[in-house]
Enquirer: 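Sending over a structure as structure tokens; questions will come in a sec.
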Amino acid sequence: MTDMRPIEEVDSEVAGLIRGDLTRQNTHIHLIASENFASPAVMEACGSIFTNKYAEGYPGRRYYEGCEWVDRLEQLAIDRAKALFDGEYVNVQPHSGAQANMGVYFAFLEPGDKVLGLSLAEGGHLTHGSPVNFSGRFYRFIPYGVDRASERIDMNEVRSKALEHRPKIVLAGYSAYSRHLDYQAFRSIADEIGALFMVDAAHFIGLVAGKASPNPVPLADIVTATTHKALRGPRGGMIIAKEGYGKELNKGVFPDMQGGPIISQIAGKAVCYQEASTAGFRSYAAQIVANASAMAAAFTERGVRVVSGGTDNHLLLLDMRSIDPDLTGKEAATLLDSMGITLNRNGIPYDPRPPYITSGLRIGTSGITTCGMKEAQAVQVADLITRSLRHRADDETLKRLSGEISDLAQAFPPYPPDFPGHA
Ligand SMILES: *Cc1c(COP(=O)(O)O)cnc(C)c1O
């Protein structure tokens, strides 16, 4: 018989760790650009009895019996995502963003095939050809970068590399780049060489859902995404594509790359698509962008250099050398976390320091916007970061600033203090 008691009674050790992290989440200011805070409804779906079901295959074509509710659930998630993103084909099974990309590569590439993608050092992702990732081990990635002066993607470079190397896939998308992508230009380049045009929208699909960023779906052949970043859903991946690629993509995900889909996560995805289709989510997405712009302006006013001079989306990159030539991203991120502001160090274009150290910080506004912060608080956060870094040798000032950070964080917590798990 399954033990029906609550987790506090069954496993106080894990329950205590959950409570510990809830307190951390509720008392820090969270600026990690890939993170967000899912709703109780999303988490309830993910923690539901759907965790028990095996359902290899797709709705109506399963390898297991007992899939009548699962079929309706997965189809609902697919239909909602199609409506939200104007997609012809949707796959909600990838376990993560990395799995979504792997599914696409498995569907359309043979080992050794070429892909043109944004260089990792200039904002690309691990799955865009890093030598320590399967993508870099199986396929030949040709990187394009950003222009040294504008720090924006140079479409002339993309085109000349495409013509020279003739990749099978032209890939646009990023983890650390703050400007709109020129989908039309990427589309033309892919057409010129007969390549597929793929967009990895993992970071900004939430802004697309909320109509705060242009939708790549109409112009791209294939769009991959995560559901847990700006979209504020459960951890997971998804693929949106033109109908004609559906058969290969279905196979690329299952059985090429995964076994059974995680049905409970798909339940969470269905709830998040529903949440993201509301007017409230559209104001949320607009506020994310407004907060990032306000923060970029506040940093610039305070003499902190923002890479490319600003942002069009939810993230910005700061050059720590504008505060002090000796200040590294690593030192800055460690100090800020100890003071209650959680973010990550990040390489900036043409960074002379290695990836483990870096000269930059990456900041995202999806999380603080979920917590209800607006432009005034975004400016306050920029101010607290700048003052903390400038006074990093002055313990008295740092102590005072920590207090201010803690007050601001606790005025905007993501969850109520009596949220389940915080008993
Ligand atoms: C986050 C991210 C991914 C991977 O998502 P995971 O769910 O962490 O596997 C893929 N591509 C880009 C551009 C990302 O930012």
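Values in this document were obtained by computation on a predicted structure and should not be read as measured data. Sequence positions, counted from 1, serve as the residue numbers for this chain. All ligand and atom numbering here is 1-based and tracks the order in the structure.
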Enquirer: Ignoring hydrogens, just give me the one of His95, Arg235, Lys229 whose non-hydrogen atom is nearest atom 1 (C) of ligand 1.
Expert: Lys229

Enquirer: Please list all pairs meeting salt bridge (charged side-chain N to carboxylate O under 4.0 Å, His left out) that have one or both residues in residues 162-182, counting only residues at least two apart or in different chains.
Expert: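 Those involving residues 162-182 are Asp113-Lys168, Arg179-Asp312.
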
Enquirer: Which residue in the set Asp79, Leu249, Ile78, Val223 passes side-chain contact (heavy atoms from CB on, under 4.5 Å) when paired with Val90?
Expert: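 Among Asp79, Leu249, Ile78, Val223, the one that satisfies the side-chain contact (heavy atoms from CB on, under 4.5 Å) with Val90 is Ile78.
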
Enquirer: May I ask which of Gln99, Met102, His125, His228 has a heavy atom nearer to atom 10 (C) of ligand 1 than the others do?
Expert: His125

Enquirer: Between Arg187 and Asp221 (salt bridge meaning N to carboxylate O under 4.0 Å), is one present in this structure?
Expert: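 Judged by the 4.0 Å cut-off on N to carboxylate O distance, Arg187 and Asp221 do form a salt bridge.
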
Enquirer: So which of Val199, Asp200, Asn101 gets nearest to atom 12 (C) of ligand 1, if we judge by its closest heavy atom?
Expert: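 Result: the heavy atom closest to atom 12 (C) of ligand 1 is in Asp200.
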
Enquirer: Going by the atom numbers of ligand 1, which of them fall below 4.0 Å from some non-hydrogen atom of Tyr174?
Expert: 13 (C), 15 (O)

Enquirer: Counting from 1, what ligand 1 atoms have a heavy atom of Thr226 closer than 4.0 Å?
Expert: 5 (O), 7 (O)

Enquirer: Numbering the atoms of ligand 1 from 1, which are under 4.0 Å from a heavy atom of Ser175?
Expert: 12 (C), 13 (C), 14 (C), 15 (O)

Enquirer: Starting from atom 7 (O) of ligand 1, what is the nearest protein heavy atom, named by residue and atom, and what distance separates them?
Expert: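 Here the nearest protein heavy atom works out to Gly97 N, 2.9 Å.
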
Enquirer: Looking at Glu56 and Arg61, is any side-chain nitrogen of the basic one under 4.0 Å from a carboxylate oxygen of the acidic one?
Expert: no

Enquirer: Name all residues meeting the ring pair (Phe, Tyr, Trp, His ring centres under 6.0 Å) criterion together with Tyr89; count only those two or more places apart in sequence or in a different chain, and write none if there are none.
Expert: none

Enquirer: Considering only protein heavy atoms, which is closest to atom 9 (O) of ligand 1, and at what distance to one decimal place?
Expert: Ala98 N, 2.8 Å

Enquirer: Is the His203-His125 ring centre distance short of 6.0 angstrom?
Expert: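 Aromatic pair excluded; centres sit 6.0 Å or further apart.
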
